[in-house]
Q: 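The structure follows.
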There are 2 protein chains.
Amino acid sequence: MADPLPQDPANRTRRSRPFHVADAIKDWVVERGLQPGDRLPGEAELIERFGMSKGTIREAMRLLQAQGLVETKTGPGGGSFVGEVTRERATALLGNYFYFRDVTIDDIYQLRIALEPMLAARLAGHLSEAQLAELEAIMEDYARPAADAEEERRQHVASLRFHARLSDFGDNALLGFFIGFMAQILTDLTVYKRLYTSPNHDLWEKGRRHQTDLIAALRHGDGARAREIMQSHMEMARDLMEAQQAEVLKRFIAE
Amino acid sequence: MADPLPQDPANRTRRSRPFHVADAIKDWVVERGLQPGDRLPGEAELIERFGMSKGTIREAMRLLQAQGLVETKTGPGGGSFVGEVTRERATALLGNYFYFRDVTIDDIYQLRIALEPMLAARLAGHLSEAQLAELEAIMEDYARPAADAEEERRQHVASLRFHARLSDFGDNALLGFFIGFMAQILTDLTVYKRLYTSPNHDLWEKGRRHQTDLIAALRHGDGARAREIMQSHMEMARDLMEAQQAEVLKRFIAE
DNA sequence: AAAACCGATTTGTCATGATAAATACAAGCG
DNA sequence: CGCTTGTATTTATCATGACAAATCGGTTTT
C-alpha cells in the first residue's frame with residue numbers, strides 16, 4: 001500500500017502513463033530497427049503487455065500519431081504501423097514553434113540568401129534531364145505576366161514551388177528541409193500589406209530570366225554561375241517583398 | 001436521435017474526432033490570440049461544448065500535448081493551458097523527421113560553415129558584457145586539455161554549448177533554431193568511430209584560441225574578423241570530425 | 001463475371017465511475 | 001508572528017466494458 005507503483009527507484013514517474021508508453025514504443029522501434037510500414041502490436045496486445053487500460057494505450061498512440069511516428073488503420077489487417085514522418089508534418093510541427101516567436105521576412109531572406117545559392121552551386125551538373133524538365137514545367141505556371149494582384153500572388157506561390165522542388169533534388173536532407181521550410185512559410189503565412197493594382201512587369205521578367213538562366217547553368221554544370229544567379233535572384237526577391245511590405249502571419253501551418 | 005452529429009455535409013470527416021477537436025482548439029487559440037499560459041476550457045467543459053465523450057476529448061488533448069501546444073495540470077486552478085513550444089520539443093519533433101533519413105556529418109558542416117560565420121558577423125558589437133561573460137564562462141569547461149577520450153568528448157559537448165548559446169543571442173529566431181538544432185544533433189546523436197587514446201593537443205589549443213579571438217572580435221564589433229574566425233573554426237571542426245570518422249546515429253532525440 | 005452482401009476483425013467512440021495529484025486555505029505549532 | 005502541516009476540493013488520470021464504424025475476404029446473387 002505504501003508503494004503503489006515502485007517500478008524504478010530513481011525514476012521520474014512524473015510523466016504520465018501515456019507518455020511512458022509512447023517512449024517505450026519509440027525505444028522499441030529503435031531497438032528493432034523497424035521501418036515505415038512495419039506492424040506494431042495491436043491495441044489489445046499493448047493493453048496486455050503494459051497492463052494498462054484501453055484509454056491509456058489509446059492516448060499513447062495519439063501522442064505518437066501527432067508526431068507522425070505511427071499510423072493506424074481499422075478493419076482486418078489493420079492496426080498500428082510505423083509511419084514515416086512526412087515533410088509536411090515536420091514543417092507543420094516546426095511551424096508551431098515559430099508561432100509565438102517573431103519571424104520576419106528579413107530573417108527568412110537572410111537565410112535564403114545564404115543557403116539557396118549554395119544549393120544551386122552544389123546541384124549544378126548533378127540534375128537529370130527529367131528533373132530539369134520538371135523545373136521548366138513549373139515555370140509554365142508563370143510564363144505570362146500576371147494580369148492582377150491575385151494572379152501575381154498565385155504566380156509567386158508557383159515560383160516558390162520551384163525552389164521547394166529544387167531543394168528536394170539535393171542530397172543534403174538538412175539543407176533541403178530548411179529551404180523547403182522557408183518556402184512553406186512564404187507560401188502559407190505571408191501577407192502583402194501593399195498591393196499594386198498593376199503588377200511590376202519588369203520584376204516579373206527579371207525573375208523569370210533568372211530562373212531560365214539558372215536552369216541553363218545547372219544543365220551545363222556551371223556551379224559558380226548558378227550560385228551567382230541564385231544570389232541575384234534572392235536579393236531581388238527580398239527587395240520585392242520589402243517593397244510590398246510583406247509580413248509573416250501568426251497562424252499554424254496546415255498539413 | 002437520428003442525427004448524432006451531422007455538422008457539415010460536405011465535410012471530410014475522414015480524420016477522426018480527436019483530430020477534429022484538436023484542430024478546432026488550434027483555431028480557437030489563433031482567433032482569440034491566446035498566449036502561452038492562458039487558460040483553455042477544462043475537460044468537463046470541452047466534453048459539453050463538443051458533445052463528445054471524455055475519452056475522445058482526452059485523446060485530442062494528447063495530440064496537442066505531443067506538439068507542445070497545450071499543457072495540463074491537475075488540482076485546483078489546474079486544467080489545460082496554452083503552452084509555448086519549447087526549443088527542446090521542437091528539436092525533438094524535427095529530429096523525428098530525420099530519423100529515417102540519412103544525415104551525414106558532412107551535411108551538417110556544410111550548413112554550419114555557411115551559417116555560423118554569418119551569425120558571428122551579425123552579432124559583432126551587439127552583445128552585452130553579460131552575454132560575453134557567459135560565453136567565457138562556458139569556455140571554462142575546457143580550459144585545460146583533455147586527459148582522455150572520455151573527457152575530450154565531454155569538452156566537445158561543452159564547446160557545442162558555446163555555439164548553441166551564441167545562436168540564442170541573435171535576433172533571428174530562424175537562424176538561431178537551425179544552428180541550435182545542428183548543435184543538438186552533434187551533441188546527442190554523434191558517435192566517433194575512431195578514438196584517439198591521447199587527444200590531439202594542437203587542435204584543442206587551436207580551437208580554444210579561435211573562440212577567445214572570436215569573443216574579442218565580438219566585443220570590439222569587428223564583424224568581418226568574427227566571420228573569418230568562425231569560418232576557420234568551423235572548417236577545423238569539420239576536419240576533426242572527419243578524422244574521427246564521426247557518424248550520426250539512428251536515434252530519437254530525448255527531450 | 002460483375003455486383004451486392006455478409007461476417008470477421010480491428011480501431012474508434014461513448015458512458016460511467018473510481019483513483020491520484022496538486023493546490024488553496026485554514027488550523028496547529030514553534 | 002511565521003512556519004509547517006493537514007485537509008478539503010478541484011482537476012486530470014486511469015480503468016472497464018459496451019457499441020459503432022470501417023475494412024477486407026469470401027460468398028452469394030444477378
Side-chain angles (χ1 to χ4, degrees), chain A residues 1-8 11-25 37-66 68-83, chain B residues 1-9 11-25 37-83:
Chain A
M1 269 299 178
D3 281 17
L5 265 179
Q7 275 184 324
D8 316 6
N11 185 18
R12 77 271 244 173
T13 179
R14 289 283 111 96
R15 291 246 295 321
S16 61
R17 291 188 184 199
F19 278 97
H20 192 74
V21 171
D23 285 345
I25 292 176
D38 286 353
R39 259 200 114 73
L40 289 172
E43 215 177 70
E45 190 178 339
L46 290 173
I47 291 169
E48 191 165 355
R49 290 257 280 263
F50 285 98
M52 292 172 190
S53 80
K54 179 168 176 154
T56 303
I57 297 297
R58 287 186 58 76
E59 285 175 28
M61 294 316 256
R62 291 299 189 193
L63 288 172
L64 294 169
Q65 281 179 30
L69 291 175
V70 313
E71 293 166 4
T72 60
K73 285 188 289 196
T74 64
S80 299
F81 302 86
V82 177
Chain B
M1 267 297 179
D3 281 19
L5 263 181
Q7 281 186 322
D8 319 2
N11 186 17
R12 76 269 243 163
T13 178
R14 288 282 107 96
R15 292 251 288 326
S16 61
R17 291 188 182 203
F19 280 97
H20 194 76
V21 171
D23 285 345
I25 292 176
D38 285 354
R39 259 200 116 73
L40 289 173
E43 209 177 74
E45 191 178 338
L46 290 173
I47 290 169
E48 189 165 357
R49 289 257 279 263
F50 285 96
M52 293 171 188
S53 79
K54 177 160 20 189
T56 303
I57 298 297
R58 287 184 59 73
E59 286 176 27
M61 295 317 262
R62 291 299 189 193
L63 288 172
L64 294 170
Q65 279 181 26
Q67 302 171 58
L69 291 174
V70 313
E71 293 166 4
T72 60
K73 285 188 291 197
T74 63
S80 299
F81 302 86
V82 178

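Chain A is the first sequence line, chain B the second, and so forth, proteins listed ahead of strands; every chain is numbered from 1.
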Q: Do any side-chain nitrogens or oxygens of A:R17 fall under 4.0 Å of OP1 or OP2 in D:dA15?
A: yes
Q: With rounding to the nearest 0.5 angstrom, report the CD1 to NE2 distance, B:I25 to B:H20.
A: 11.0 Å
Q: Rounded to the nearest Å, what distance is computed from the CZ atom of residue B:F50 to the P atom of nucleotide C:dA15?
A: 16 Å
Q: Which atoms form the tightest heavy-atom contact between B:R15 and B:D23, and what is the distance?
A: NH2-OD2, 2.8 Å
Q: Could I get a table of every N or O pair under 3.5 Å where one atom is in the protein and the other is in nucleotides 16-18 of chain D?
A:
from: D:dA18; atom 1: N6; to: A:K54; atom 2: NZ; distance (Å): 3.3

Q: Could you state the CD-P distance from A:Q65 to C:dG12, rounded to the nearest angstrom?
A: 6 Å
Q: Mind calculating the distance between CD (A:E43) and C1' (D:dA21) to the nearest angstrom?
A: 14 Å
Q: Specify the residues of residues 68-77 of chain B, ordered by number, for which at least one heavy atom lies under 4.0 angstrom from an atom of DNA chain D.
A: B:T72, B:K73, B:T74, B:G75, B:P76
Q: Given atom CZ of B:R15 and atom C1' of C:dT13, what is their separation to the nearest angstrom?
A: 17 Å
Q: From CG of A:L40 over to P of C:dT11, roughly how many Å is that when rounded to an integer?
A: 11 Å
Q: Scan for salt bridge (Lys or Arg N to Asp or Glu O under 4.0 Å) pairs involving residues 62-76 of chain B, sequence neighbours excluded, and state none if there are none.
A: A:E59-B:R62
Q: Is the side chain of B:E48 donor-acceptor paired with the backbone N or O of B:A44 at a distance under 3.5 Å, no angle test?
A: no
Q: Verify side-chain contact (heavy atoms from CB on, under 4.5 Å) between B:L46 and B:V21, making sure each step is shown before the conclusion.
A: CA-CA 9 Å; B:L46 290 173; B:V21 171; 6.0 Å; no
Q: For A:E45 and C:dT11, what is the distance between atoms CD and P respectively, to the nearest whole Å?
A: 10 Å
Q: Supply the atom-to-atom distance A:Q65 CD to A:T72 OG1, rounded to the nearest 0.5 angstrom.
A: 4.0 Å
Q: A:G79 and A:R39: which non-hydrogen atoms are nearest, and at how many Å?
A: CA-NH2, 4.2 Å
Q: Check A:F81 against A:G37 and note the closest heavy-atom contact, atom names and distance.
A: CD2-O, 3.4 Å
Q: In residues 56-63 of chain A, what residues come within less than 4.0 Å of DNA chain C, judged by heavy atoms?
A: A:R58, A:R62
Q: List the residues meeting side chain to side chain contact (heavy atoms under 4.5 Å, CB included) with A:T56, not counting sequence neighbours, and say none if there are none.
A: A:R17, A:P18, A:M52, A:S53
Q: Tell me every residue that passes side chain to side chain contact (heavy atoms under 4.5 Å, CB included) with B:E45, counting only those two or more places apart in sequence or in another chain.
A: B:P41, B:R49
Q: Would you name the heavy atoms of B:M61 and B:S80 that are closest together and state the gap between them?
A: CE-OG, 3.1 Å
